[in-house]
Amino acid sequence: MVSVIKAPRGTKDLLPGEIEKWHYVEKVAREISEVYGYHEIRIPIFEHTELFQRGVGETTDVVQKEMYTFEDRGGRSVTLRPEGTAGVVRAYLENHLNNQPQPIKLYYLGPMFRYDRPQAGRMRQFHQLGIEAFGSRDPALDVEVICYSYNFFSKLGLRDLKILVNSVGCSQCRSVYGRALTGFIEERRESLCNNCQDRLEQNPLRVLDCKEPGCQAQLEGAPDIHAYLCAECSEHFQLVQDYLELTDIEFEINKQLVRGLDYYTQTVFEIIPNGPDQGSLAGGGRYSNLVEVCGGPSTPGVGVAIGLERVLMALQEQGVQLPLKQRKKIYIVTAGGEQSGDLDREAVRLLLELRDADIPAEKDLMGRSLKSQMKHAGRIGASYVIILGTEELQSGTLLVRDMNKGEQSPISRDRIVEYLKATLQED
RNA sequence: GUGGGUGUAGCUCAGCAGGCUAGAGCACCAGGUUGUGGCCCUGGGGGUCGUGGGUUCAAGUCCCAUCACUCACCCCA
């Protein structure tokens with residue numbers, strides 16, 4: 001026997017039974033996006049590799065070791081998108097959205113790809129809901145993005161979320177702070193983990209959120225980033241906090257929060273479930289230089305990315321029952337051997353009529369016995385079964401069986417569609 | 001990339017210090033009721049024991065390798 005080919009590592013099939021949850025989550029995403037004034041954008045799943053190298057940052061783990069990069073047949077280096085922001089920025093510029101009334105507010109929904117070792121809540125192909133808003137420096141917009149994320153979660157029924165907020169400053173205050181931090185850490189260099197010794201060269205701020213207890217111990221008494229924020233960044237951060245206070249969202253200032261993508265400036269935030277560390281559900285922030293880095297005019301932006309697998313996982317852990325609606329359906333059963341040709345024809349005719357009337361309906365396609373058809377109808381969750389046999393064919397009636405009550409009654413063939421429509425509406 | 005765990009039927013697993021034709025539950029199909037589902041009973045189909053090698057009279061069981069899955073670290077959603 002030829003071996004069965006399996007899905008590549010880190011990918012998975014979403015089957016009926018599971019996909020309904022995704023549909024629901026996506027529906028909520030679209031609804032909330034509309035409420036917040038964000039419009040959908042669909043961008044390619046792969047882009048020129050350079051876009052991510054420049055946009056996400058050459059020194060980031062994402063670019064250095066997690067990209068799905070390959071050459072296409074024309075010898076161009078392309079990469080399966082590891083995140084959405086860079087592509088949206090590219091589309092914003094390429095389609096001259098910067099010449100439209102600002103701010104431009106966009107959302108996207110779709111698969112991302114990172115070459116990681118899979119584990120709980122981490123796939124090589126995973127899905128993100130993200131929003132990006134361009135053209136405004138207003139701190140109220142930062143808060144809007146946080147509120148959007150929080151409302152998305154609470155609308156789904158998630159509870160006990162922790163919102164971490166920080167400011168990493170603009171490129172000016174960040175470089176001043178970076179030097180101060182480097183100076184401070186330089187003396188304790190040997191005590192840091194290997195990873196952090198590298199970080200010190202490339203992006204000293206990343207040492208701050210190192211999880212190694214040893215490194216954290218060395219940071220005792222390190223310079224405070226908030227003390228190094230320039231007047232503008234400082235005021236911006238203060239306003240973000242002021243506006244957040246206006247909401248009923250509880251948040252926590254976390255000076256360690258830096259985030260791994262290079263493009264963030266000023267506000268950064270992360271939303272994590274309270275309790276055991278399961279990775280963050282959402283992460284985002286403001287980026288003031290990204291559009292320029294991608295070849296556009298200096299344009300501020302702010303956004304968030306929400307990991308949908310992790311959201312589904314958190315919903316599961318919190319035991320949230322999603323209100324998944326399932327339409328009631330009809331199953332047509334045929335009974336009787338001799339005239340099976342006529343019966344089948346009538347069953348097909350009936351099926352067409354029901355479906356034309358927008359009533360979900362199915363019939364046996366496996367040549368099963370009456371008993372088996374009934375069993376199957378129960379199995380697939382049919383609410384009503386229409387029994388069509390030789391007697392019914394002659395008398396021009398049909399037996400309609402309520403599968404929950406276990407009762408059945410004869411209904412005239414002529415009135416069946418009308419009857420079922422009315423009955424299904426009642427339930 | 002690093003470390004741990006696990007691979008036996010479609011699914012969840014059992015398989016006793018290596019020893020008869022490899023099992024159970026669920027699921028599937030059929031019958032018990034030749035026109036009636038859910039409960040019950042009976043029967044049936046379905047397994048290269050992840051793969052390759054080794055030890056042994058004998059390997060699902062022990063050893064090695066390999067692959068896959070899984071969890072964790074790094075990092076991130």
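Convention: sequence-line order gives letters A, B, ...; per-chain numbering from 1. The figures here come from the full heavy-atom set of this structure, side chains too, leaving out hydrogens, waters and symmetry mates. Treat the numbers as computed from the prediction; the structure is a model and nothing was measured.
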Less than 4.0 Å between a side-chain N and a carboxylate O, is that true for A:R413 and A:E353? yes

Rounded P spacing from B:C13 to B:U2 in Å: 29 Å

Distance alone, cut at 3.5 Å: any donor-acceptor contact between the side chains of A:Y287 and A:E132?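 A donor-acceptor contact under 3.5 Å links the two side chains.
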
Give the rounded distance in Å between these two atoms: CD1 of A:I330 and C1' of B:G37.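 Distance, rounded to whole Å: 15 Å.
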
List the steps, then state whether side-chain hydrogen bond (donor to acceptor under 3.5 Å, both in side chains) holds for A:S33 with A:Y148. CA-CA 8 Å; A:S33 295; A:Y148 171 100; 2.8 Å; yes

Students often get this wrong, so: under 4.0 angstrom with heavy atoms, is A:L261 touching a base, only sugar-phosphate, or nothing? sugar-phosphate

C1'-based separation of B:U70 from B:A27 [nearest Å]: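 Comparing C1' positions in B:A27 and B:U70 gives a spacing of 24 Å.
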
Does any part of the side chain of A:L205, heavy atoms only, come nearer than 4.5 Å to the side chain of A:Y177, both counted from C-beta? yes

Residue whose nearest RNA chain B nucleotide is more 5′ - A:G283 or A:K405: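 Nearest nucleotide further toward 5': that of A:K405.
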
Options B:C71, B:G37, B:A77, nucleotide nearest the side-chain atoms of A:M403: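 Among the listed nucleotides, the one closest to the side chain of A:M403 is B:G37.
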
Give the rounded distance in Å between these two atoms: CG of A:D116 and C1' of B:A72.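 One finds 13 Å between C1' of B:A72 and CG of A:D116, rounded.
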
Report the nucleotide, chosen from B:C74, B:G35, B:A77, that has the shortest atom-to-atom distance to any side-chain atom of A:F126.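 Of all the options, the side chain of A:F126 is nearest to B:A77.
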
Among A:N166, A:I163, A:L164, the one residue meeting side-chain contact (heavy atoms from CB on, under 4.5 Å) with A:E252: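 Checked A:N166, A:I163, A:L164 against A:E252; only one passes side-chain contact (heavy atoms from CB on, under 4.5 Å): A:L164.
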
Residues in contact with RNA chain B, drawn from residues 31-47 of chain A - heavy-atom cutoff 4.0 Å: none

Give me the stems containing RNA chain B, sorted by first residue, counting only three or more consecutive Watson-Crick or G-U pairs with both distances under 3.5 Å; say none if there aren't any.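 Paired runs of 3+ in RNA chain B: B:1-7 with B:67-73, B:10-13 with B:23-26, B:28-32 with B:40-44, B:50-54 with B:62-66.
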
Mind checking A:M123 for me? I need base, sugar-phosphate or nothing, with any heavy atom below 4.0 Å counting as a touch. base

Checking contacts here: which listed nucleotide (B:A72, B:C74, B:A30) is nearest the side-chain heavy atoms of A:R117?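 Nearest listed nucleotide: B:A72.
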
Verdict with supporting geometry, A:E418 and A:K421, salt bridge (charged side-chain N to carboxylate O under 4.0 Å, His left out): CA-CA 5 Å; A:E418 182 191 342; A:K421 264 192 147 165; over 6 Å; no

Side-chain N or O of A:R379 closer than 4.0 Å to phosphate OP1/OP2 of B:C28: yes

Please report the C-alpha distance between A:L399 and A:R401 in whole Å, then the side-chain angles of each, then the deciding distance to 0.1 Å, and finally whether the side-chain contact (heavy atoms from CB on, under 4.5 Å) criterion is met. CA-CA 6 Å; A:L399 270 181; A:R401 181 177 179 84; over 6 Å; no

Any N/O donor-acceptor pair, A:R401 side-chain to B:G35 base, under 3.5 Å: no

If you check every side-chain atom of A:E392, which of B:G32, B:G35, B:A77 has the closest atom? B:G35

With P as the reference atom in both, quote the distance from B:C40 to B:C26 in angstrom, rounded to an integer.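 The answer is 8 Å between these two P atoms.
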
Just how far, in rounded Å, is C1' of B:G1 from OH of A:Y115? 10 Å

Roughly how many Å apart are B:U36 and B:G47, using the C1' atom of each and rounding to a whole number?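 Pairwise C1' distance, B:G47 against B:U36, rounds to 36 Å.
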
Give the rounded distance in Å between these two atoms: CD of A:E391 and P of B:U34. 14 Å

OP1, OP2 of B:A72 versus side-chain N and O of A:Q119: anything below 4.0 Å?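 Yes, such a contact exists.
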
With a non-hydrogen cut-off below 4.0 angstrom, is A:A377 in contact with a base, only sugar-phosphate, or nothing?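 It contacts nothing in the nucleic acid.
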
Using whole Å, what does the distance between atom C1' of nucleotide B:U34 and atom CD of A:Q373 come to?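 It is 14 Å, rounded to the nearest whole Å.
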
Mind checking if A:G121 touches a base, just sugar-phosphate, or nothing, with heavy atoms under 4.0 Å? base

In whole Å, what separates the P atom of B:G45 from that of B:G19? 27 Å

Quick one: do the A:T59 and A:D262 side chains pair a donor with an acceptor below 3.5 Å? yes

Take A:V400 and A:Y419 through the test side-chain contact (heavy atoms from CB on, under 4.5 Å) and record every step on the way to the result. CA-CA 10 Å; A:V400 175; A:Y419 172 82; 4.1 Å; yes

Side chains of A:Q125 and A:Y68, donor plus acceptor under 3.5 Å: no

B:C64 and B:U55, which share atom name P, separated by this distance in whole Å: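 Those two atoms are separated by 15 Å.
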
Can you tell me which nucleotide in B:A77, B:C29, B:G37 comes closest to the side chain of A:K371? B:G37

Check each of A:Y36, A:Y243, A:F152 against A:C147 using the side-chain contact (heavy atoms from CB on, under 4.5 Å) test, and report the only one that passes.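 With A:C147 as partner, A:Y36, A:Y243, A:F152 yield a single side-chain contact (heavy atoms from CB on, under 4.5 Å), made by A:Y36.
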
For atom P, what is the distance between B:G15 and B:G53, given to the nearest Å? 28 Å

Quick one: A:M366 CE to B:A30 C1', roughly how many Å, whole number? 13 Å

May I ask you to verify if any side-chain N or O of A:S369 is less than 4.0 angstrom from the OP1 or OP2 atom of B:G31?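 It does, given that an N or O in the side chain of A:S369 lies less than 4.0 Å from OP1 or OP2 of B:G31.
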
So, does A:R81 use its side chain to make a donor-acceptor pair with the main chain of A:E47 at under 3.5 Å? no

Any base atoms under 4.0 Å from A:K6, or only sugar-phosphate, or nothing? Heavy atoms, all strands.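 Since only primed, P, OP1 and OP2 atoms lie under 4.0 Å of A:K6, the category is sugar-phosphate.
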
Listed nucleotide nearest any side-chain atom of A:D61, set B:A72, B:A30, B:C74: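 Side chain of A:D61 sits closest to B:C74.
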
Determine the contact category for A:L399: base if any of its heavy atoms lies under 4.0 Å from a base atom, sugar-phosphate if only primed atoms, P, OP1 or OP2 are that close, otherwise nothing. base

Can you check the A:I332 CD1 to B:G35 C1' distance for me, whole Å? 17 Å

Please figure out whether A:R9 or A:L281 has its closest RNA chain B nucleotide nearer the 5' end. A:R9

P spacing across the pair B:A14 / B:A24, given as an integer number of angstrom: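 Result for the P pair: 16 Å, nearest Å.
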
Choose from B:A77, B:A30, B:G37 the nucleotide whose nearest atom is closest to any side-chain atom of A:S372. B:A30

Apply side-chain contact (heavy atoms from CB on, under 4.5 Å) to the pair A:Q241 and A:F237, showing each step before the final yes or no. CA-CA 6 Å; A:Q241 293 173 64; A:F237 189 38; 3.3 Å; yes

A:N404 CG - B:U36 P separation (whole Å): 20 Å

